Amino acid sequence: MVWLIPLLGLLAGIMFGSMITWSIPLAMAKYLSIAVLAALDSVLGGVRCILEETFNGLILLTGFLTNAVFAAFLAYLGDKLGVDLYMAAVFVFGIRIFQNVATIRHHFLTRILNKRDVHATPDSE
Amino acid sequence: MRKWVVPITLFCMFIGFFTMQAIKVQSATLAVNSDNRNEVLISLITNLEAETAAQEAKLTSLRQQTEQIISQSATGENQLATLQVELFNQQILAGLTPLVGPGIIISLDDYAAGLAAAPNEDANRFIIHYDKLLNIVNDLRSANAEAISINGQRIIASSEIRCVGNVILVNTTRLAPPFLISAIGDPAAFEAAINSSVSYETLRVAGFPVSYQLFADTAPTLVTIPAYTGSFPTANLKIVEMEG
């Protein structure tokens, strides 16, 4: 059950994050939530790529880094300009997360119901 | 081991860790609400007031000792006697002695009846604010008041009249309505000052229960002003050296 390893990783992260007494300064809270969203988006995109068998670790990593850095930059710029620009990043990440979840669901449904090849293109939502 | 396992696992750990951190930061932010802070401040004020009372008792006993020493040594030389008179006068000017004399007592109270009649109005419109006290004290000063007190708190050179939340502090002591402003000085000048006082007139016209009583020199009872019981901050004072 190789799927369990990432789940164990998630659990380990949760435990470690709740156990340590040190916490991120309040000023960084906004950037933190964007980083979490970017990581969630990357992981779901990665899972989709695994199902589509186009997974590439380098693409995953660079995608996450550019997204996170650019979102953090937007948030910073928004702070300076007095516009909630980070909402744009939150919005885009949110949409992508839902799209990825939908695609992943399609893949699983296709597998289970039709016992077909995983390569099958999912119908549009 | 498939090639995606390690990166995906790392990302999952990252998500778990930072989600917990974000939750922690958020809950810490929510915990610090204003109610908590108010309670802390109230207990702080209560503690400090107890401390102030203790310190004032100590100061009173020390000042009595000083007076004893002054009266004991009154048998000394002429020069010393002059210095003692000087010291006594300085104590009067510094507000360290209770005083009595002709003057005025002004009474100001919250407009409770007005608030009861209009409960939906902003309650702030029906209470006495610190600036009214400050302005009236200034009006009395402009009429050459020689000694002023509010609710038994002597106004001296370093006294403050300020607003902290919903209480008025004078000499760092909390005051509650009704406010009695007593002043020693020329009653006629006080009457003229209070009749031309914008703050007093504003309160009177708005319907606040305000009044004043004048005490002439010949009245059976005179205005009594208590002594200042607080301390004088002198930690940073240095006397300027005279030249020549």
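Small disclaimer: the values here were computed from a predicted structure and weren't measured. Hydrogens, waters and symmetry mates are skipped; everything else that's a heavy atom, side chains included, is used.
Taking the side chain as every heavy atom from C-beta outward, B/Q21 and A/L32 approach each other to under 4.5 Å. By the 4.5 Å heavy-atom criterion applied to side chains, A/P6 and B/F11 are not counted as neighbours.
For the atom pair B/T9 OG1 and A/I5 CD1, the distance stands at 6.0 Å (nearest 0.5 Å). Considering CE of B/M20 and CZ of A/F16, their distance stands at 13.0 Å, rounded to 0.5 Å.
Residue B/F232 qualifies as enclosed at atom CZ: its count of foreign heavy atoms under 6.0 Å is above 12. In this structure, A/Y31 places its OH atom where more than 12 heavy-atom neighbours from other residues, nucleotides or ligands lie under 6.0 Å away. The environment of CG in B/N144 is sparse: at most 12 heavy-atom neighbours from other residues, nucleotides or ligands sit within 6.0 Å.
Evaluated for a side-chain contact (heavy atoms from CB on, under 4.5 Å) with B/F17, the options A/I20, A/V36, A/I14 yield exactly one hit, A/I20.
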- request: Show the numbers, then the answer: is there a side chain to side chain contact (heavy atoms under 4.5 Å, CB included) between A/I50 and B/I8?
  value: CA-CA 10 Å; A/I50 295 166; B/I8 294 283; 4.1 Å; yes

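Contacts of B/F18 with chain A are made by both backbone and side-chain atoms, with heavy-atom separations under 4.5 Å. Both the backbone and the side chain of A/S18 come within less than 4.5 Å of a heavy atom of chain B.
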